[in-house]
Amino acid sequence: MFAYLVRRLIYVLPVAIGVSIICFLLVHIAPGDPLTAIMPVDATQEEQAAMRAAYGLDKPLPVQYAIWVGKAVTGDLGKSIATGRPVADEVFAAVKNSLLLAFTASVIAFPIGLFLGFVAGYFRDTLIDRAVTAFAITGVSVPNYWLGIVLVIIFSVTLGWLPSMGAGPGGSGAWAWDFAHIKHLILPSVTLAVVPIGIVARTVRALVGDIFSMDFVQALQAKGMRPLDVLRHVIRNAAPTALSVMGLQLGYLLGGSILIETVFNWPGSGFLLSNAIFQRDLPLLQGTILVLALFFVTMNLIVDVAQAAIDPRIKRS
Amino acid sequence: MSATPLVDFDHLKVRFKGDRTVHAINGLTLSLGQGEMLGLLGESGSGKSVTLKTLLRLLPPKRTEIEGSIRVNGTDIMSLSGRKLSAFRGSQVSMIFQEPALALDPVYTIGDQIAETVMRHKGISKTAAMDVALDMLTRVRIPSPERRLKAYPHEMSGGMRQRAMIALALSCRPKLLLADEPTTALDATVQIQILLLLRELQKEFGMGVIFVTHDIGVAVEVSDRIAVMYAGNLVETGTTRDVIKNPRHPYTRGLLAANLHGAVKGARLDAIPGSPPALETPPTACSFAPRCAHVRPACLAGLPPVADLGNGHTAACVLAAEHASQELKSA
Ligand SMILES: Nc1ncnc2c1ncn2[C@@H]1O[C@H](COP(=O)(O)OP(=O)(O)OP(=O)(O)O)[C@@H](O)[C@H]1O
Ligand code: SF4
Ligand SMILES: [Mg+2]
């Protein structure tokens, strides 16, 4: 198991390097000059050149990349062009908010998705199965920002029960565990949970349905196992795949949802990313994408290792 | 046959509903004595697997209609349900399957899978059950059994998996073992080893075995009695000796002529021209008539009579019945 872990960790390295290069290049390939957004319209050539030099934009690309990576490794992602604050701080604060939203959405989505999927798989081809499948397909297909707006109209505008904007009273970005803040969390996390509920439910349903029709289930009955024992075997067989689906969904959620965070003005990484894009804030954009991408890589790693730990069929040596 | 037979099928009928109705078993009557090994032969689709699954009530209850009765040691299987049924399965009657790779749970160790069966039926502790599992693995002569206890099915060869499956099936000392083509998926040399092992354990434990096979050579080698199925019914049964020496049903004769005299071991039962009937409607005449060289009007007028040829040898055939009565007259 330890050797497997080390090997997987080593595989991560080239992926991380590739990701960083792509992040770096993406921004440079995108059309438009990042400086135009922050320079006064009447800035002289000399002023522009000075600014370029200040941000290192006058050096050749590989050098820019080396400098950028070198600093990134030490946690320095540069300064935001728009605010002048360190990118690392901005990203860190935003990621924290996104994590909060993601974990809350997962806590809502995974138990519901697992339960629905299991019930549908167990009662496959019955009315229950069809109802769950219809619900899951709707959940996956309905645009979630639209759903978010509908929820806002119902619960904020019409009923006035829940706030619709920001992560806390007064639009503050700082989170606290009190009722006022938790109320802000409800609508965005429920909205965010809908798609993963649908995906987890559908995957688990198919999975459990397949496992129930496998020969060994009949063999378990043939040796006198009772329905609950059979269920235990089925769950154990379904666990690795279900876990990896949930891990990937968690990864997506952790990445922050630009649309949801924008609809709810949630100060998370998706919100930050959209701001960075609109303001052409190059260092902020690079830093945010890099952190999110590395998040994804790490998430994949964790899921793979966890799967190998519980599924004996995966060769660990 | 004064003692209670181990198994007694009485006019068993099994029908599958659904898009297409299938009359899979059509009035099968058969009994098996204690400690006997019966080879069940027949073409693909003749209902061998359905017969075994019905015995363990493994068919999907909603789509299956069952008539007639099956008794195991006098207990009516059809009356069992819930707890009684699961207590019966695996302890009185157990089953081994054609593909041990698919019949074993891939994510539990062999030891766990045997032990949970023993714990379920004998109500003993996990440690004691593991000891039983080890003993069983030793009896089926799996190399280094201690290590195999902790092995997963995918870590073993096909032959070893089938040995493990046998160990599992026999761990609660059932009185009847159902083996559905237990060697078909294995290499020829391994097949013979598994067959010999089964025969040996059957004698040692004194259990009855119903052994399904396509391979008439295998059936002849290991069974005390042979039963030949066609289109969901028994066409001929008797001691292996009687059936081989003196086959009375044209279908059995065809099978033997094609497979035994040429001594083609491992040959499949497909050497008779024609194909078995669709089972969408229940038979009203001899099902074999379209392929039979001896067909006569009486064969098509109704279901053929079951001729009793003595010593438990029977054949469901007009021709065989005529022969039997002539012999009776001339005697
Ligand atoms: N669960 C089921 N639902 C519907 N039809 C079934 C089912 N199980 C078996 N049948 C049908 O019943 C008939 C007998 O099938 P069975 O599996 O007993 O044949 P078999 O003699 O075991 O053949 P083989 O040698 O190929 O294993 C076949 O026509 C088959 O299609
Ligand atoms: S009953 Fe008639 S058709 Fe059927 S096997 Fe006997 S002789 Fe042939
Ligand atoms: Mg079969």
Side-chain angles (χ1 to χ4, degrees), chain A residues 1 4 118 120-130 204 206-245 303-317, chain B residues 18 49 52-53 55-63 80 82-110 112-122 150-155 165 168-172 174 177-178 180:
Chain A
M1 192 68 215
Y4 175 80
F118 225 97
Y122 190 80
F123 296 105
R124 65 200 167 287
D125 300 328
T126 64
L127 218 63
I128 301 173
D129 177 23
R130 254 163 260 156
V204 171
L207 187 66
V208 168
D210 283 354
I211 294 172
F212 264 111
S213 59
M214 284 162 90
D215 286 9
F216 80 82
V217 172
Q218 206 171 55
L220 285 172
Q221 288 166 348
K223 70 181 191 177
M225 293 288 112
R226 276 171 291 202
L228 274 182
D229 300 317
V230 176
L231 207 63
R232 172 170 54 84
H233 279 263
V234 171
I235 290 175
R236 180 91 168 255
N237 272 270
T241 313
L243 187 91
S244 76
V245 172
V303 168
D304 279 1
V305 171
Q307 214 178 354
I310 63 169
D311 190 340
R313 285 165 297 186
I314 295 177
K315 275 250 176 293
R316 288 167 217 152
S317 48
Chain B
S49 299
L52 298 196
K53 285 181 182 167
L55 224 167
L56 273 177
R57 297 272 306 276
L58 287 174
L59 298 169
K62 278 192 204 134
R63 297 198 300 108
L80 298 175
R83 268 173 178 281
K84 278 195 181 148
L85 180 60
S86 60
F88 162 80
R89 290 166 169 169
S91 69
Q92 303 286 314
V93 179
S94 64
M95 185 151 173
I96 57 183
F97 297 81
Q98 178 169 349
E99 293 271 3
L102 302 177
L104 291 164
D105 185 330
V107 304
Y108 280 76
T109 61
I110 296 299
D112 280 342
Q113 297 192 50
I114 300 179
E116 73 174 353
T117 319
V118 181
M119 284 158 72
R120 162 79 187 89
H121 292 298
K122 303 271 186 253
K150 294 188 198 71
Y152 290 95
H154 72 272
E155 295 168 337
M165 192 75 221
L168 193 161
L170 301 187
S171 60
C172 294
L177 176 70
L178 309 177
D180 196 349

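Predicted model, so just to flag it, every value in this text is computed and none were measured.
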What heavy-atom pair brings B:Leu58 and A:Gln218 nearest, and what distance separates the two atoms? O-NE2, 3.4 Å
Residues two or more places apart in sequence or in another chain: which of them pass side-chain hydrogen bond (donor to acceptor under 3.5 Å, both in side chains) with B:Arg63? none
As an exercise, state the distance from CZ of A:Arg232 to CD of B:Glu116, rounded to the nearest 0.5 Å. 5.0 Å
Pick one of side chain, backbone, both or neither for A:Leu220, based on which atoms fall under 4.5 Å of a heavy atom in chain B. side chain
To the nearest 0.5 Å, atom OG1 of A:Thr126 lies from atom NZ of B:Lys62 at 7.5 Å
Quick one: side-chain hydrogen bond (donor to acceptor under 3.5 Å, both in side chains) pairs with a partner in residues 82-97 of chain B, sequence neighbours left out? B:Ser86-B:Arg120
Distance (rounded to the nearest 0.5 Å) between A:Gln221 CD and B:Lys53 NZ: 11.0 Å
Please state whether the side chain, the backbone, both or neither of B:Ala103 comes within less than 4.5 Å of a heavy atom of chain A. both
Segment of B:Ile96 engaging chain A (4.5 angstrom heavy-atom cut-off): neither
From the list B:Asp105, B:Thr109, B:Leu85, B:Thr117, the residue making the most non-hydrogen contacts under 4.5 Å with chain A is B:Asp105
Rounded distance [0.5 Å steps], NZ in A:Lys223 versus SG in B:Cys172: 9.5 Å
Tell me, side chain or backbone of B:Leu102 under 4.5 Å from chain A's heavy atoms, or both, or neither? both
